[in-house]
Amino acid sequence: MATPLPKAYDFKATEQELYQWWNDQGYFGPSNDPKKPNFDPGKKPFVISIPPPNVTGELHLGHALFVSMEDLMIRYMRMKGTPALWVPGSDHAGIATQLKVEKSLLKEGTSREAIGRKEFLQRTWAWKEKYGGMIQLQIRRLGASCDWTRERFTLDERLSKAVREAFVRLYEKGLIYRGPRMINWSPGLRTAVSDLEVEYSDEMGTLYYFKYVFADEPEAFIPVATTRPETILGDTAVCVHPDDDRYKKYIGRKVVVPILGREIPVIADEYVTREFGTGALKITPAHDPNDYALAHKHNLEFISMLDESAHVNENGGPYQGMDRFACRKKLWEDMQEKGLVIKEEPYKMTVPRSQRGGELIEPMISTQWFIKIKPLADAALEAVRDGRIKIVPDRFTKVYYNWLENIQDWCISRQLWWGHRIPVWYCDDCGKMTVQRDDPQECMHCHGKNIHQDPDVLDTWFSSGLWPFSTLGWPEKTPDLQYFYPTSVMETGYDILFFWVARMIMFGLEFTGQVPFHTVYLHGLVRDEHGQKMSKSKGVAIDPLDLMNEFSTDALRFTMLVGSTPGNDTNVSAKKVEANRNFTNKVWNAGRFVIGALEQAPAAPESAHEWTLADSWIWARLQQLVRDVERLFASYQFGEAGRQIYEFFWSEFADWYIEIAKLQLSEKGDRAYYTAQTLVQVLDACLRMLHPYTPYVTEALWGHLKEAAKEHPANFKPFNRQGAWEDALIIAHWPEPQEEERWEKDTVDQFGIIQEIVRAIRNSRAEKQITPGKRISATFIAGEKEEFIRSQLPVIAALAYLDMDTIMIQKSMTEKPEGQTALVISGIEIYLPLSELVDLDAEKARLEKELSTIEGEIKRLENLLASPFGQKAPVAVVEKERQKLEGYKETAQKIKQQVK
RNA sequence: GGGCGGUUAGCUCAGUUGGUUAGAGCGUUGCGUUGACAUCGCAAAGGCCGUAGGUUCGAGUCCUAUACCGCCCACCA
C-alpha cells in the first residue's frame, strides 16, 4: 500500500518535476514519431501560435492570462484526441529592446552612435542571449505545454528569410514604395513611427493669436491663431473660407511671415471653419497633416523647418539650431517686440505623443518606405465578412471593419538598428535600387559594385505579421507548414487587434492565400483588484511570480481563467488567488479521501449493481456537468465552464456525495465496493475536466489515483470508454458527453428533497444552538413518501446528525408530537425535539410567519396561473409553476395543522 | 465628432438561445476541530440587477432614451 499522501498539496515539489516529465515524455507537441501519443496525421490539428513576448521582457499578469488561456485550449484539444500544437517563440521588439540596450550603454558612458552599428548589434545580441530566455522560462513555469522543439525568434535566420521574401514580393507587386510623405516623427528616438504608435492625449496648452500683416499694407493684417507658433517659420500660406465676408476680399493678396519676411499668399478653402479661432488658418505644409493635404491641393511650397532631433534647421533663419520649444518661446517674444502679437489664451488641445516614452511627436515630411495597404485591407475585410475568420467576442468585428475601412498606408521603415534591415541596395553609380532576396554583389541595373544597403530596419510588426506561417517554415513548403497551417485560434489582447491581428490576416491572405487562423479570441486587460491599471510606478503591480510562489501556479491559472470573460478587462488580487489555492487544496484532499476509500474497498462485488439514490444523483449531475462544459467550451466560455466544475466539485461532490460515501463505505461489502467505484470515476472525470485549468495538482493526484486503482485487486476502471488508465492525465481522454436521459432529472429532483430536509434540520439545529455533535431524535410524517424517507433515512440521519434509534417514520399520525419544532418539506412533516422546553408561542409565531410567506407565494402563483401566462406560456413552463403551487398548498395545509 | 464596454450583495465579479424566489469568492455574524480537508465544516445576514419608457403572458437578459465611469477611433488651427 502506498505511503499516505500529505494533508496539503505540496505544489513546490510537484510543479517543476511534472513539467520536466511531461516535456521528456514528448507530450507537448505532435511529433513525427508515430509512437508519440498525440500524433495523428489523419486528423486536422489544432494549432496556436503564441503571441511572442518581447525577448527581453519580464513576466507580468498579462502573460499569465494569455498563457493560461492558450494552454487551456491546447490541453483540452489534446485530451480530445486532436493533434495539438502550440508554437512558442519571442519577438525581437525593435524599439523596446534597442532602448534597453541604449540605456545600458548610457550607464557605461557611451552611446550607440559612439560604438557604431556593428558593435551595437553585437551588444544587442549579447543582451538578448543574456536576458532573453528569461521570459520563456517564466512561461514554462506557468505550465505552458508548448512544443519547445519548435521555438522561434523573429530574428532567426529562417524567419529573417521569410521577412525578406515578404518584402521583395510586395515590392515586386508594386505594393511597397518609397517616398517623401508626411509621417509621425519621434525626435527622441529619431525614427519614424506608424500612426498606431502615436497616442493622443488631451492637455492644456496655449492658443496664440497674432497678425499676418499684408506685404503691401503693413498696417493691415489678418489675425491668425496657432498652438504651435514655431511652425510659423514653415508657413507657406494663410487660408480663409471662400465665403467669409471678413476675409474674402483678401484672397489672392500676400502676407508676410513674421521675422523671416517671406511673402506668402492668402488662399481660400472650404476646409476652414469660420467660427473657429480667428477664422483664418496658417498653413504649414511640412509640419501638419491637414496643411500637408491642403498644400497638395493648392500647389503650395513645402518648407521643413525642423531637423531629426526637432531643432530648427536652416530654413528657420535666426532660430536655426534652437530646440523646438525654445524657438517657440523666443519667436513669440520677438513677435511681441514687433507688435505682431494679439493675445494668448489657455486652450485645451489634443497632442500626439509617442507610445514609447511619451515625448511629443512631430509631423514631418520624410522619405520612408510604405506599404500600399488598401488591397491587403480589402482582402482582410472580406475574410471576416464572409465568415472565414470569426472574432470572439463578436463586437470587435465592427471595430476591425472600421479600422480597415479607413486605413492609411503603413510606414514600415524605422531609423533603428535592431531589426530586419530593409533588403534594398542603392547604386552609387546609376542611382537605381536593387531589391532582392539575397544580398547582391552588384547593382542589378548597371552591374556597378558601388552599392550600399538601406540603413533602415523594418517595423517590428512587419515580422510579427508573418508569425503564424513564418514559424512553420514559410516560404519553404515544409511538412509543418503543410500540415499545421492555417492555424486554428489566435488568442491575444484586444489592444493589439490592429497592431498585430489585422496585419497577420492581411499578410496571411497575401502570402499564403489562406486565412492564418479561423478564430480570433480576444481577452481583456489585467487590472488590480480595484480596476486600476497595473503599473510599477504606482506600486500596484502584482508580480505573477510572487503569486505562484505563494499560492501555486494552478491557483494563479485558475484565477486568470475563471476570473475573465472574453473581451472584458479583469481584476486580479492576491485574495482571489488565495481562494483558488484553497480550491486546489480541496481537490487534493478529496482525492486523498477517494484513494483511501478505494484502497480499503472489497476486491470484487458479489452481486450486481445496486446504486443508491446518492450514487445515481452524483452520476446524473456529472453527466449534466460534462454536457454543460462541452457546450461552454464550444462557445469559448472557459470561465463559466471552470466555475461550474468548481461548484460541482466542491458543493456537490465534496459536500454531499463524499459525506454520504462515508456512510456507504462503512456498510462494507458490495455497497462499499460500488461506492468506491463511483468515487473513483467521479473524481477521475473531474480531474480530467480540471486538468486544462490546474494541470499540476490534477496530474499529480491523478497519478496517485491511477496507481491505487490499478494496484487494488478489483482494478478500478477510469472514467473513459477504453476502460484502461492512460499513461498520463495530460494525454488522457476528455469526458465524452452522453445523451441526456430521463432518469437524470428525476434523480436530481428526488435527491433535492433529501438535501432540503437535511438543510432544514441543520438550520433548525443551528437556530436552537444544538451542539453539532449531539444526535437528536426526529419524527417524520411522510404520507406517500414514507417508503422513500425510510429508504433514505440513514443518509438523512448521518448528514443531519439524527439518532437512528429513536427516529419515527409514519405515513400519518393522529396525535402529533407536542412541544417540538415542526418543519414541512415537500409535504413531509418533521418534528424535532430541540430543547426540553419549547417556547410554544415562539414556535407558533415562527410557523405563522412561514405560513404567511408560503401563502404569499400561493397567491402569487394563483394570480400568475390565472393571468394570460396560463394560456400563452409553453405548457411545460406552466406545468412547472402549477406543480410548485400544489407543493405550496400541501405544505401550507400541514403547517396549518401544526399551528393548531 | 463617431463607436464600444461597464453600471447586479459591503468589496471584486459571474449570469449567451427571455421562463417567473438573482449566484460565487472575499468580507461580516453565530456555532463547531480526535481520521479527506481549519488552505476546513454547518448555518445566517446582505440585492427597487444605474434611471425612465417600450416589446412580451413573462425582462438582470431584447428595443429606445438618459446619467455616471472607462476604453477605442478621428486632421478642427
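Throughout, protein chains are lettered first and strands after them, A, B, ... in sequence-line order, and every chain is numbered starting at 1.
- Under 4.0 angstrom from either OP1 or OP2 of B:C73 there lies no side-chain N or O belonging to A:Asn406.
- A:Glu345 and A:Tyr208 form no side-chain donor-acceptor contact under 3.5 Å, judged by distance and modelled atom types alone.
- Between B:A77, B:G25, B:C37, one nucleotide has an atom nearer to the side chain of A:Thr227 than all others, and that is B:A77.
- Nearest to the side-chain atoms of A:Asn290 among the listed nucleotides B:C37, B:C75, B:A77 stands B:C75.
- Of the charged side-chain nitrogens involved, at least one lies within less than 4.0 Å of a carboxylate oxygen, so that A:Lys884 and A:Glu881 count as a salt-bridged pair.
- Within the nucleic acid shown, A:Thr226 comes within 4.0 Å of sugar-phosphate atoms alone, with no base atom in reach, counting heavy atoms only.
- A:Phe558 places its CZ atom 11 Å from the C1' atom of B:A24, with the value rounded to the nearest Å.
- Going from atom OG1 of A:Thr675 over to atom CG of A:Leu598 covers 12.0 Å, rounded to the nearest 0.5 Å.
- For A:Arg246, the side-chain hydrogen bond (donor to acceptor under 3.5 Å, both in side chains) partners at least two apart in sequence or on another chain are A:Asp244.
- Comparing B:A77, B:C72, B:A44 by their closest approach to the side chain of A:Asn763 singles out B:A44.
- Of the P atoms belonging to B:A22 and B:A44, the separation is 16 Å, rounded to the nearest Å.
- Counting non-hydrogen atoms under 4.0 angstrom, A:Gln637 reaches a base of the nucleic acid.
- For residues 576-594 of chain A, every residue pair satisfying the salt bridge (Lys or Arg N to Asp or Glu O under 4.0 Å) rule, not counting sequence neighbours, is listed here: A:Glu578-A:Arg581.
- Looking at A:Glu659, its side chain comes within 3.5 Å of the base of B:A36 through a donor and an acceptor atom.
- Take A:Glu855 and apply the salt bridge (Lys or Arg N to Asp or Glu O under 4.0 Å) test, not counting sequence neighbours, and it matches A:Lys896.
- Below 30°, between 30° and 60°, or above 60°: for A:Tyr9 and A:Trp588 the angle between ring planes is between 30° and 60°, a tilted geometry.
- Taking atom P on both B:G58 and B:U12, the two are 35 Å apart, rounded to the nearest angstrom.
- Ring geometry for A:Tyr521 against A:Tyr636 counts as tilted: the plane angle lies between 30° and 60°, on a 0 to 90° scale.
- Residues A:Glu857 and A:Ala579 each lie close to RNA chain B; by heavy-atom proximity, the contact nearer the 5' end of the strand is made by A:Glu857.
- Each of B:A77, B:G25, B:A36 was ranked by its minimum atom distance to the side chain of A:Ile658; first place goes to B:A36.
- Within the nucleic acid shown, A:Arg765 has no heavy atom closer than 4.0 Å to any nucleic acid atom.
- If you take CG of A:Leu294 and P of B:C75, they are 15 Å apart, rounded to a whole angstrom.
- Between B:G18 and B:G32, the two P atoms lie 48 Å apart (nearest whole Å).
- Within the structure, every side-chain polar atom (N or O) of A:Trp650 is placed at least 4.0 Å from both OP1 and OP2 of B:A36.
- Closest to the A:Glu647 side chain, of the nucleotides B:A77, B:A24, B:C37, is B:A24.
- Regarding A:Gln644, its CD atom lies at a distance of 13 Å from the P atom of B:A24, rounded to whole Å.
- Residue contacts for A:Ala590: at a heavy-atom cut-off of 4.0 Å it reaches a base atom on one of the strands shown.
- At the heavy-atom level, A:Asp655 lies under 4.0 Å from the strands shown only through sugar-phosphate atoms.
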When you compare the protein's N or O atoms with those of nucleotides 64-68 of chain B, which come within less than 3.5 Å of each other, and at what distance?
none

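- With sequence neighbours left out, A:Asp10 forms a side-chain hydrogen bond (donor to acceptor under 3.5 Å, both in side chains) with no residue at all.
- Judged purely by distance below 3.5 Å, without hydrogens or angles, the side chains of A:Thr206 and A:Glu344 never pair a donor atom with an acceptor atom.
- Considering only residues two or more places apart in sequence or on other chains, A:Ser764 meets the side-chain hydrogen bond (donor to acceptor under 3.5 Å, both in side chains) condition with none of them.
- Among the heavy atoms of the strands lying under 4.0 Å from A:Tyr646 are primed sugar atoms or P, OP1, OP2 only; no base atom is included.
- To the nearest 0.5 Å, atoms CZ (A:Arg775) and OH (A:Tyr801) are separated by 4.5 Å.
- Of the inter-residue distances, the one linking A:His241 atom NE2 with A:Leu281 atom CG reads 12.0 Å to the nearest 0.5 angstrom.
- Checked against A:Leu690 for a side-chain contact (heavy atoms from CB on, under 4.5 Å), the options A:Asp554, A:Val587, A:Val697, A:Thr584 give a single hit: A:Val587.
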- Query: Under a 3.5 Å cutoff on both atom distances, Watson-Crick or G-U, what's the dot-bracket for RNA chain B ([ ] crossing, | other strand)?
  - Reply: (((((((..((((.....[...)))).(((((.......))))).....(((((..]....))))))))))))....
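- Shown for residues 394-404 of chain A: residues whose heavy atoms fall under 4.0 angstrom of RNA chain B, namely A:Arg395, A:Lys398, A:Asn402.
- Put simply, CG on A:Asp269 and CG on A:Asn290 are 11.0 Å apart, with the number rounded to the nearest 0.5 Å.
- As judged by a 4.0 angstrom heavy-atom cut-off over every strand, A:Lys586 is placed among the base-contacting residues.
- B:A43 atom P lies 10 Å from atom CG of A:Leu799, rounded to whole Å.
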- Message: Base contacts versus sugar-phosphate-only contacts with protein, heavy atoms under 4.0 Å: please encode nucleotides 56-61 of chain B as B, S and - from 5' to 3'.
- Response: -B----
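- Rounded to whole Å, the P atom of B:G10 lies 14 Å from the corresponding atom of B:G50.
- Contact annotation for A:Arg762: backbone-only contact, meaning every heavy-atom pair under 4.0 Å involves sugar-phosphate atoms and none involves a base.
- Partners of A:Arg353 under the side-chain hydrogen bond (donor to acceptor under 3.5 Å, both in side chains) rule, at least two apart in sequence or in another chain, are A:Glu203.
- Taking every heavy atom of both residues into account, A:Ile858 and A:Ala892 meet most closely at CD1-CB, 3.8 Å.
- Sequence order on RNA chain B of the closest nucleotides to A:Asn582 and A:Asp202 puts A:Asn582 first from the 5' end.
- Here A:Ala876 lies out of heavy-atom contact (under 4.0 Å) with every strand.
- As a whole-Å value, the separation of A:Asp495 CG from B:C73 P is 10 Å.
- A search for salt bridge (Lys or Arg N to Asp or Glu O under 4.0 Å) contacts involving A:Lys662 returns A:Glu659, not counting sequence neighbours.
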- B/S/- contact track for nucleotides 27-35 of chain B, protein heavy atom under 4.0 Å: ---SSS---
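- Under the 3.5 Å distance criterion, with hydrogens and angles disregarded, a donor-acceptor pair is assigned to the side chains of A:Asp569 and A:Tyr494.
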